[in-house]
S.K.: 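Take a look at the following structure, please.
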Amino acid sequence: MLGTGILKGMVETGRNFLGSYVSEDRLVTVQYPEQRIPRQEAARSFPFLVFDGSDPVWGLRCVACQICEKECPPKCIYIIKDSLRKADHIGKMQFQPRVFDIDISVCMSCQICVEVCPFDAIKMDVEVDFSTGDRFGGLLMNKQRLAKPNSYFHKIHPSDASEVDGRLAADRLKAQAKAKADAEAKGKPAAGPAGKSFAVGKAGTGSA
Amino acid sequence: MTPDHAHQKAGGGGEGTLPQAWGGPSYELRSSPEGDGGLLEISMGPQHPSTHGVFRMDVVLDGERVVKLKPVFGYLHRNHEKIGEGTTYLGSMPYTDRLDYFCSLTNNWAYALAVEKLAGLEAPERAQYIRVITAELTRLQNHACLGGFLLQDMGASGTPLMYAFREREKILDLFESLTGARMMCNYMRFGGCRCDLPPGWLEQARTVVAEFPKFLDEFESLLNGNEILMSRTQGVGVLPRDLAINASITGPVLRASGVNYDIRKAEPYGIYDRFQFRVPLGDHGDVYDRYMMRVLEMRESIKILEQAMAAIPGGPIMDPKAKIRGFRPKAGEAYGRIEGPKGELGFYLISDGSPNPCRYRVRPPSFINLTVLEDMCLGHHVADVVVILGSVDIVLGEVDR
């Protein structure tokens with residue numbers, strides 16, 4: 001009969017509409033600014049730089065190896081090396097960035113910088129409220145704005161952060177053992193060993 | 001409208017013909033018995049709400065009937081292939097997300113497949129299963145949305161689309177907890193996947209998949225028997241079988257015309273040869289068949305998902321030979337193709353041994369499926385053009401690249 005198909009569809013719509021009064025499952029939307037769906041742990045927005053301890057300048061894990069700058073697909077990272085060195089997590093003297101800018105109006109949140117970083121220095125943030133009236137200065141994140149403590153990293157990506165901490169601690173132990181062995185063998189204190197992660201790209205030239 | 005007026009609109013030209021500026025053979029101006037004989041040239045798009053993005057059709061109308069249609073692409077051209085030649089192999093991966101932004105995971109897979117062929121990498125077992133699961137979830141949400149959009153184009157404003165989006169949301173939540181992003185997943189890597197499934201993900205996915213048939217039943221009873229839908233879609237936009245083959249149409253559009261060609265069956269990539277599923281085929285090649293093709297494919301995808309989620313093994317997710325930094329495949333060429341939700345998605349790469357591909361070419365399914373748009377639309381009403389375009393399932397990010 002003509003019209004039964006239409007009626008069948010209307011019944012379905014009606015069931016959904018009336019069902020929303022009895023079943024909470026059918027109410028799937030939230031009133032956004034007031035109500036927010038809890039964030040997924042894997043969520044990512046833009047990169048930030050991790051620093052250890054309390055000093056955002058000397059604690060920065062970044063050694064200005066510029067791998068992320070080279071690998072960044074939209075080329076939104078800009079790094080200038082500083083002539084001053086600082087000690088990294090195993091005590092080896094490394095370069096540090098004098099300028100580290102990320103233009104988040106260009107960044108496409110692909111997290112390739114995070115994957116290629118051999119020093120676990122750059123990680124993905126979850127912050128998304130960056131809207132600003134100043135599209136150039138306001139969206140160009142400099143080193144000061146990018147640097148965030150390791151505790152913040154633990155807060156937003158707990159399992160990732162513990163894994164990274166474990167890896168860094170293992171590196172440190174290995175370096176200490178190696179330094180001790182070297183010192184015993186040669187009778188003089190040695191610099192930290194070039195671990196596996198330091199043998200790649202320009203990073204390895206840090207001690208040159 | 002007088003014939004003189006029509007010539008003015010069309011920009012001059014010989015008496016009784018369209019100007020040669022169209023590029024095609026000139027169309028004879030004939031008066032129809034019911035119309036007044038004047039032709040009207042309309043530019044539909046690029047801001048037209050029914051063109052699914054910035055797509056333009058130059059349509060020549062005789063009354064309400066389409067006598068000529070010329071698709072105009074390129075409004076969303078982003079230089080994808082040239083950028084791919086300028087960045088590293090890994091650097092192109094996030095750009096592939098942005099081709100068909102509904103199905104970033106299948107795009108990732110096709111590109112990863114091409115590079116894996118080039119570099120001789122092999123994704124381990126678990127990664128293969130994860131790829132199948134994510135790709136079929138992608139297919140589910142793409143087809144659900146397509147159904148919603150198509151019905152919206154026909155005038156079923158909102159309701160079916162919102163029902164489809166409600167389901168899509170659940171799948172996007174799965175993607176987010178796995179990959180960190182809802183749409184721009186950037187998940188697959190050469191020789192595996194970026195990260196393992198988070199704890200509890202598989203259970204969550206099982207629930208979503210188990211509930212999906214319920215949504216399909218609801219979606220089908222909502223409109224499938226609807227008389228308006230029938231009369232708007234049946235016999236509209238017929239794509240003949242021979243034309244579909246000759247124009248190298250792929251995907252559900254091809255199968256709706258009755259050609260049994262699904263790359264998952266024809267040239268199984270990944271581990272698709274292990275799963276039991278059927279390939280739905282259409283009979284008439286009209287809009288209705290193309291719509292039903294998606295609904296039936298979703299049911300088959302659910303079967304694949306159930307099998308894959310039951311059989312997924314443990315183990316590593318990356319080929320130990322794969323490396324993230326300093327990736328340089330040896331010189332050669334490779335073509336990787338998959339059955340994307342929209343058709344055959346292929347990536348053709350030529351390597352010269354450097355970190356960047358020497359040539360990077362995408363075979364986008366929706367772009368090639370669009371080439372027969374005119375043949376499907378000729379003789380139909382303007383309102384049908386919207387529906388026919390919707391049934392092809394285009395995403396302009398992929399058409400224009």
Side-chain angles (χ1 to χ4, degrees), chain A residues 1-17 19-20 25-30 37-45 65 67-68 70-75 107-118 123-126 156-157 159-160 163 197 199-203, chain B residues 83-84 86-88 90-98 151 156 158-160 162-163 165-167 169-170 172-182 184-187 189 194-195 197-199 201 211 217-231 323-327 355:
Chain A
M1 199 188 84
L2 193 69
T4 42
I6 296 177
L7 282 177
K8 215 170 77 186
M10 296 301 260
V11 169
E12 194 58 58
T13 320
R15 194 156 63 217
N16 268 276
F17 171 61
S20 65
D25 297 343
R26 289 192 188 269
L27 294 172
V28 287
T29 50
V30 295
I37 295 173
R39 209 183 47 236
Q40 309 268 15
E41 203 199 317
R44 61 175 196 253
S45 62
C65 67
I67 291 178
C68 54
K70 211 170 65 204
E71 293 277 349
C72 174
K75 302 274 178 277
C107 174
M108 58 180 184
S109 310
C110 64
Q111 81 166 38
I112 283 190
C113 49
V114 177
E115 279 167 62
V116 298
C117 182
K123 293 290 169 195
M124 292 310 273
D125 206 343
V126 290
I156 57 172
H157 299 304
S159 46
D160 247 17
E163 193 196 319
S197 57
V200 181
K202 285 181 183 170
Chain B
I83 290 176
T87 58
T88 55
L90 178 63
S92 287
M93 187 59 93
Y95 285 117
T96 63
D97 289 337
R98 286 144 177 89
L151 297 171
T159 309
M162 286 303 130
Y163 287 6
F165 265 49
R166 188 183 62 198
E167 292 313 302
E169 204 62 25
K170 294 175 189 165
L172 291 191
D173 281 347
L174 286 177
F175 288 170
E176 190 182 4
S177 66
L178 173 59
T179 70
R182 290 154 48 83
M184 303 300 137
C185 297
N186 182 22
Y187 177 61
R189 290 289 175 268
R194 197 186 71 220
C195 51
L197 302 177
W201 192 88
E211 281 176 1
D217 294 341
E218 185 182 292
F219 198 69
E220 287 193 64
S221 70
L222 188 63
L223 278 165
N224 277 14
N226 191 307
E227 287 78 4
I228 303 171
L229 179 102
M230 299 287 191
S231 61
K323 50 181 186 174
I324 289 281
R325 290 180 297 267
F327 178 73

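Worth saying up front: this structure is predicted, and the values here are computed from it rather than measured. FYI, side chains are in, hydrogens and waters are out, and symmetry mates aren't considered; it's all heavy atoms of this structure.
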S.K.: Provide the closest heavy-atom pair for B:Leu222 versus A:Glu12 in the form atom of the first, atom of the second, distance.
M.R.: CD1-CB, 3.8 Å

S.K.: Quick check: are there more than 12 heavy atoms from other residues, nucleotides or ligands sitting under 6.0 Å from CG of A:Leu27?
M.R.: yes

S.K.: Heavy-atom distances under 4.5 Å only: say whether B:Arg182 touches chain A with side chain, backbone, both or neither.
M.R.: neither

S.K.: With A:Ile112 as reference, evaluate B:Leu90, B:Thr87, B:Thr88 under the side chain to side chain contact (heavy atoms under 4.5 Å, CB included) test and give the passing residue.
M.R.: B:Leu90

S.K.: When only pairs under 4.5 Å are counted, which of B:Arg98, B:Lys170, B:Arg194, B:Arg166 shares the most heavy-atom pairs with chain A?
M.R.: B:Arg194

S.K.: Below 4.5 Å from any heavy atom of chain B, which atoms of A:Cys113 appear? Answer side chain, backbone, both or neither.
M.R.: neither

S.K.: Looking at A:Glu115 and B:Arg189, is any side-chain nitrogen of the basic one under 4.0 Å from a carboxylate oxygen of the acidic one?
M.R.: yes

S.K.: Any side-chain heavy atom of B:Asn186 sitting closer than 4.5 Å to one from A:Met108?
M.R.: no

S.K.: Compare all side-chain heavy atoms of A:Pro74 with those of B:Tyr95 and state whether any distance is below 4.5 angstrom.
M.R.: yes

S.K.: Can you tell me how far CZ of A:Arg39 sits from CD of B:Glu176, rounded to the nearest 0.5 angstrom?
M.R.: 9.5 Å

S.K.: Is there a side-chain contact between A:Thr29 and B:Met162 (heavy atoms, below 4.5 Å)?
M.R.: no

S.K.: Does A:Met10 have more than 12 heavy atoms from other residues, nucleotides or ligands lying within 6.0 Å of its CE?
M.R.: no

S.K.: How many angstroms lie between CD in A:Gln111 and CE in B:Met184, if you round to the nearest 0.5 Å?
M.R.: 14.5 Å

S.K.: Which atom pair, heavy atoms only, marks the closest approach of A:Cys110 to B:Pro94?
M.R.: CB-CB, 3.4 Å

S.K.: Hey, which of B:Ile228, B:Ile83, B:Asp173, B:Leu178 has the most heavy atom pairs under 4.5 Å with chain A?
M.R.: B:Asp173

S.K.: Specify the closest pair of heavy atoms between B:Tyr163 and A:Thr13, including all atoms of both residues, with the distance to one decimal.
M.R.: OH-CA, 3.6 Å

S.K.: So what's closer than 4.5 Å to chain B heavy atoms on A:Val116: side chain, backbone, both or neither?
M.R.: both

S.K.: Can you tell me which portion of B:Cys185 sits under 4.5 Å from chain A's heavy atoms? Options are side chain, backbone, both or neither.
M.R.: backbone

